[in-house]
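Since the structure comes first, as structure tokens, the remarks are kept for the end.
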Amino acid sequence: MALARKILILGASYGSLLATKFLLAGQTVGLVCSAQEADLIAREGILLRIASKRRGQPNEINSKRLPGLLNVMTPDVADPDEYDLVCLAMQEPQYRSPDVWQLLSRIGASGTPVLSIMNLPPIPYLARIPALDLKSLEFCYADARLWDGFRPGIFTQASADPQAFRPAGSPANVLQVTLATNFKVARFENPAHTAMLRDLETAIEAGRFGHSDGSFSGMPVKLKVCDSVFIPLRKWSMMLTGNYRCVRAEGICSIREAVHSNLQVSRDIYDWVNSVLLAIGASESDIVPFEDYARAALDLTVPSSIARVLASRGTEIERVDLLVQSVAASRGLRNHHVDASTDLVDVWLRRNRGSCEAGS
């Protein structure tokens, strides 16, 4: 299989899942991460574990056994001019790190097309939706100025649907996927860039990895290219119904518990977020029915990354909840369940920041 594309990925946690997909498709991948992560991954590769109901045990995929070429590097040496596509797979606040910020500036100046799999869509992608007032949304970002160097035309976004996390106690090169759904990515404005995405989609679909018994399987988490710019935003209803509601006054809970402990409230939140999307131009075909999400949530047996960060006294989380509230407010829409959830997240953040200041 020919190495047709060179793809730069920022972030070795969730980015490892995207990297494995491209490596399986025979692509060349540059993975940007910390020096410690780079040393480990260069030595041992990425180990991806994906739940498989058919096999009865997780599929294990080691990047060193895949046809693509993996180069691991720190942000200071990454050159976006050498790549055909850049993928953003870090949490939004992490881009404020000085060396990552400088890399972002180089990416913007290069004009290389960018695919974000962040839960919080960067401002250049939101600029592709005419109904949004971008200035009113800047406060939802850790630093909105991070994105000043990008043209909206080179930006696209994926709905980061798979649930993946680093298991507690595992090395930094291990990633576990508990919900193997597809990345659904919107087309670029430039047809040539979209054609590249479709070529990658086809290559990933054709890729196969081997098992110890000699059998082969296709990648269960694929890349699907969509025409609508709203497809990546349908994750908003899922996040506000599940991910942010894992944060409770008394502690944190799994996404399954957050959704299924009160299905009527969950449905109310889910439908309300979808009404916000419809108000800014989405169509019914862009939206996942609540029943489908509730069924998938039964397999989401761990707390969301947002909840895990807050429970560990962290403060660096993406604020999709604030973004949705702000977009809704511009259309005169409000939901008291969402308000209560966001208020609770704010309480945790203030408490954690107070703990950090007391300990400094």
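Remember, it's a predicted structure, so these values are computed and weren't measured experimentally.
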- Verdict with reasoning, E189 to R151, per salt bridge (charged side-chain N to carboxylate O under 4.0 Å, His left out): CA-CA 11 Å; E189 288 187 356; R151 292 183 292 106; over 6 Å; no

- Task: Begin with the C-alpha distance, continue with both residues' side-chain angles, and end with the deciding distance and a verdict on side-chain contact (heavy atoms from CB on, under 4.5 Å) for I317 and V345.
- Result: CA-CA 10 Å; I317 63 170; V345 170; 3.8 Å; yes

- W147 vs L104, side-chain contact (heavy atoms from CB on, under 4.5 Å): CA-CA, chis, key distance, verdict: CA-CA 8 Å; W147 311 106; L104 275 185; 4.1 Å; yes

- Item | Working for side-chain contact (heavy atoms from CB on, under 4.5 Å), residues L322 and L137 | CA-CA 9 Å; L322 289 181; L137 303 176; over 6 Å; no

- Item | side-chain contact (heavy atoms from CB on, under 4.5 Å) between R128 and T156, worked out | CA-CA 9 Å; R128 295 179 60 184; T156 194; 3.7 Å; yes

- Message: Applying side-chain hydrogen bond (donor to acceptor under 3.5 Å, both in side chains) to E205 and T202, what does each step give before you reach the verdict?
- Response: CA-CA 5 Å; E205 183 74 36; T202 301; over 6 Å; no

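The shortest side-chain heavy-atom distance between L197 and V185 falls under the 4.5 Å cut-off. Using a 4.5 Å cut-off on side-chain heavy atoms (C-beta onward), V86 and L10 make contact. Side-chain contact check for L134 versus I123: some heavy-atom pair is nearer than 4.5 Å. Y83 is not listed as a side-chain neighbour of I9, based on a closest heavy-atom distance of 4.5 Å or more.
Among all heavy-atom pairs drawn from I204 and K222, the shortest one is CG2-CA, 4.2 Å. Closest heavy-atom contact between F150 and P124: CB-CG, 3.6 Å. Across all non-hydrogen atoms, the minimal contact from K64 to R43 is CE-O, 3.0 Å. Annotation for L23 and Q27: closest pair CD2-O, 3.8 Å, computed over non-hydrogen atoms. Scanning all heavy atoms of the two residues, the minimum distance from F188 to I154 falls at CE2-O, 3.2 Å. What you find for P122 and Y141 is that their closest heavy atoms are C-OH, 4.0 Å.
Both L66 and L223 are part of a single hydrophobic cluster, where members link through side-chain heavy atoms under 4.5 Å apart.
Heavy atoms of other residues, nucleotides or ligands lying less than 6.0 angstrom from CZ of R198 number more than 12. Heavy-atom contacts from other residues, nucleotides or ligands closer than 6.0 Å to CD of E284 number 12 or fewer. Counted within 6.0 Å of CZ on R331, heavy atoms from surrounding residues, nucleotides or ligands total more than 12; the atom is thus considered enclosed.
The closest side-chain donor-acceptor pair between S283 and D286 falls under 3.5 angstrom. For the 3.5 Å distance criterion, the side chains of S266 and R245 qualify, holding a donor opposite an acceptor. If you check the side chains of Q102 and S105, you find no donor sitting under 3.5 Å from an acceptor. For S228 and R234, the side-chain atoms include no donor-acceptor pair closer than 3.5 Å. Q325 and D339 share a side-chain donor-acceptor pair at under 3.5 Å.
Judged by distance alone, the side chain of D84 and the main-chain N or O of K6 form a donor-acceptor pair under 3.5 Å. Here the side chain of S110 pairs a donor or acceptor atom with the backbone of I107 at under 3.5 angstrom. The backbone N or O of G45 sits less than 3.5 Å from a side-chain atom of N173, completing a donor-acceptor pair. N182 contributes no side-chain N or O that, together with a main-chain N or O of K184, makes up a donor-acceptor pair within less than 3.5 Å. One N or O on the side chain of Q157 and one on the backbone of M118 form a donor-acceptor pair closer than 3.5 Å.
Using a 4.0 Å cut-off between charged side-chain N and carboxylate O, E316 and R96 make a salt bridge. Salt-bridge formation is not detected for the pair D81/R106: no Lys NZ or Arg NE/NH1/NH2 atom is positioned less than 4.0 Å from an Asp or Glu carboxylate oxygen. Residues D346 and R351 are not paired through a salt bridge, judged by the lack of any N-O separation under 4.0 Å between the basic side chain and the carboxylate. Ion pairing between E257 and R248 holds under the 4.0 Å rule for side-chain N and carboxylate O. Using a 4.0 Å cut-off between charged nitrogen and carboxylate oxygen, R319 and E92 do not count as a salt-bridge pair.
Side-chain rings of F155 and Y125 stay apart, their centers remaining 6.0 Å or farther from each other.
Every residue was checked against the ring-ring contact (aromatic ring centres under 6.0 Å, His included) condition with F230, not counting sequence neighbours, and none meets it. Remark: R49 engages E60 in a side chain to side chain donor-acceptor pair (under 3.5 Å) (not counting sequence neighbours).
With rounding to the nearest 0.5 Å, the separation of CG in D133 from OG in S326 is 10.0 Å.
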